[in-house]
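Below is one structure, written out as structure tokens; the observations come after it.
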Amino acid sequence: MAGIVPPMLLVFGPRSTDYDFGPGHPLTPRRFGPGIHLLRAVGAVPGLAPEPALDDELRWLHTRPYVEAVKRLSSDPGGPADAGIGEGGDDPPFAGMHEAGAMVAGGSIRAIEAILRGDVEHALHPGGGLHHAMAGRASGFCIYNDPALAIARARREGLRVMYIDLDVHHGDGVQALHWDDPGVLTFSIHESGRTLFPGTGGASEVGEGRAAGTSINVPLPAGTGEGAWLAALRLILPELAATFGPDIIVSQHGADSHTWDPLAHLEVTTTAMGEAARLVDELAHRHARGRWLATGGGGYDVYRVVPRTWALTWLAGAHREVPTATPIEWRERWSAEAARYGQAPLPVQFTDAPNAGRPMDSAAQAVERRALSVAALVRRVVVPRLVREATDRGWWPASTLHPASGPAAPPTVALPTAASPAPAPAAPTAAVPTAAPHIAAVPAVPPGPRTDPIILVSVDAATWSRLSLAPRVVAPADPAVGHAILLAAIRDGATVVAAVEGATIVGVVVVGPVDELVGVATLLAVGVVPEFRRRGLATRLLAALPEGGERHAEVTLAERDVMEPMDRRSRALIANRLLAGAGYEIEPAGASVRTIDPSALRAVRASDRAPSS
Ligand SMILES: [Zn+2]
């Protein structure tokens, strides 16, 4: 059927306002009045009315005793407090709270199902985003965890999910509910737990075991403004998405990072929140075939901030420009009510004044620097070295919206995007080693059967172009992008040793260009395709590296096969053994890196220790 696919499905209906902890509670359904009005004004039409999720669906993540406790208090709000629900707390009981909580969950689950069916690319559920709810208790205005349940729905299809939480509070419930799952990457940027509920979300919360590296937290100091907040997102998210390779993205757009929010202390603007939504949209198209579910979240300036944040998020997903002004009818309709709550006048524009009109004095600048240093340190630990280097040296733009500022060397080739086809088939197998004069097969390794790939030393650009890169050899997730990055790297002076089977690269070692000032080069990646692991191939690749100057490496939990990661301890042990065997001195990584990844290591191989070839 040739129906018109809505640009971004808006999830809202008659029951959306049922989620109501009562007068005086900050998470008020009053926000839907001005919020949905403004969404309609920019062109959004509600297309999916939330209905309660089934108990079986809630039970994907919530415990049976918890669901029973919610139901008890839902039918008897005067009953004894239980499971985080009680008078005077963040989650006071109210009649019908089970159905209301289940309705929010149902809205997000049905929305992600519409995306999975291909009915729509994107959906926005402004009433969703209840990210604090835990398996067995309510927390922080949240009864059932609708974003975590939507993620669980996608996981039932075997899809890899990236979750992006922009709320000012740490997305602790979503992180906890998918903590052990290496197929869910949770990212949360928030005000530090030192100054704000729920107190968690430190950078050292990275996941455990096989899932180490799939919980990412960027805790920002109170007072962080729009500049550092947005810069941190642009610095980390594109590289994380490229590395992880999600099939679908779920995001939470809490509006409480805003400078006017009464409950928190960041100084973000709607301008930055809208730009963040556009970044998420870009990542969804680039890495997840456009599949993106956005939810609302916190936000307690419900007249001036929440409606504009929702509208900007919807406009990003609808791929529409931001109107120059908010409609005068909208401002007139809600101004008196907003004034009663001390949230007037209603803004004339969707975006805010630069830096929300705050002066960038030295104190503000110091906070921005601290925020950016947190983001840079998190990136250093959670993004693979090769991917960071590719951005910093201009080998590849992780985002085309806002290419990172690195040395401005433009890419010398047209780089494929995630959607591009794989590189053209390579030349016939046998021709590769003999046709390229710069390549020498290591003498001890004769060309032979499948179990014995040929090792090519110092692969040149022409040879590299004729070969294709197998999946899961090196980051990022898409081997076509990895191939393009390494081609640019070779042209920029990087040294690549490759193991080749037929015309396919099944293993590589990559050393960056030598830093001419100090004569040091950095080991950027060592990787072998799954079928060839545990056969000594990585050792042979390292041994085949041409002699050079001093070499350094820093190995963190980011260096892993994201599709099938090993346990964190095993990763560190193997890296240690491999590098020690190749003549590197191993020591613990620097103290700042170890605050996030205690098992990170640094390796140095002095030039005079280089084995002669
Ligand atoms: Zn889009």
Side-chain angles (χ1 to χ4, degrees), residues 2-12 38-40 42-48 107-108 110-126 128-129 147 150-151 153-154 159-166 185 187 230 233-234 236-242 244-255 270-297 308-323 350-351 397-403 416-420 477-478 481:
I4 295 169
V5 175
M8 190 184 209
L9 176 66
L10 176 60
V11 182
F12 175 77
L38 193 59
L39 278 164
R40 287 184 185 274
V42 297
V45 179
L48 174 61
S108 292
R110 281 341 134 220
I112 207 163
E113 286 174 343
I115 294 166
L116 296 178
R117 280 194 308 269
D119 295 353
V120 291
E121 280 193 318
H122 314 326
L124 169 64
H125 181 203
I151 292 168
R153 179 66 186 82
L159 300 181
R160 298 166 60 74
V161 186
M162 180 173 184
Y163 172 71
I164 298 169
D165 191 313
L166 304 177
L185 179 80
F187 170 92
L230 191 55
L233 295 174
R234 287 175 175 163
I236 299 175
L237 282 179
E239 293 180 344
L240 270 185
F244 182 72
D247 299 305
I248 187 165
I249 294 178
V250 176
S251 58
Q252 201 268 23
H253 298 257
T270 57
T271 319
M273 293 173 180
E275 289 300 317
R278 285 181 191 262
L279 177 62
V280 177
D281 177 68
E282 186 210 9
L283 299 179
H285 287 287
R286 207 165 170 196
H287 301 288
R289 290 196 278 154
R291 292 187 283 208
W292 171 31
L293 168 63
T295 71
R308 291 187 301 146
T309 303
W310 289 355
L312 289 167
T313 303
W314 187 85
L315 287 163
H319 313 145
R320 295 192 196 177
E321 294 301 313
V322 177
F350 284 88
T351 54
S399 168
T400 49
L401 281 182
H402 300 277
T417 63
S420 300
D478 182 343
V481 176

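In each ligand, atom 1 is the first atom listed, and ligand 1 is the first ligand listed.
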Which of these, Thr309, Thr270, Thr271, Val322, sits in a side-chain contact (heavy atoms from CB on, under 4.5 Å) with Phe350?
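The single option meeting the side-chain contact (heavy atoms from CB on, under 4.5 Å) with Phe350 is Val322.
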
Hey, is Arg289 close enough to Glu121 for a salt bridge, meaning N to O under 4.0 Å?
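The answer is no: the pair does not qualify as a salt bridge.
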
Near the Zn ion (ligand 1) (cut-off under 2.8 Å), count of protein N, O or S atoms:
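Under the 2.8 Å cut-off, the count stands at 4.
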
Return yes if a side-chain donor-acceptor contact under 3.5 Å exists between Ser108 and His125, otherwise no.
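Judged by distance alone, the side chains do pair up.
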
Taking only residues two or more places apart in sequence, or in another chain, which ones meet Arg160 in a side-chain hydrogen bond (donor to acceptor under 3.5 Å, both in side chains)?
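For Arg160, no residue satisfies side-chain hydrogen bond (donor to acceptor under 3.5 Å, both in side chains) once neighbours in sequence are set aside.
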
Evaluate the side-chain contact (heavy atoms from CB on, under 4.5 Å) criterion for residues Leu283 and Leu237: first the C-alpha distance (whole Å), next the side-chain angles of each, then the deciding distance (0.1 Å), finally the verdict.
CA-CA 8 Å; Leu283 299 179; Leu237 282 179; 3.9 Å; yes

Any side-chain heavy-atom pair of Thr313 and Met273 under 4.5 Å
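Side chain of Thr313 against side chain of Met273, heavy atoms only: no contact under 4.5 Å found.
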
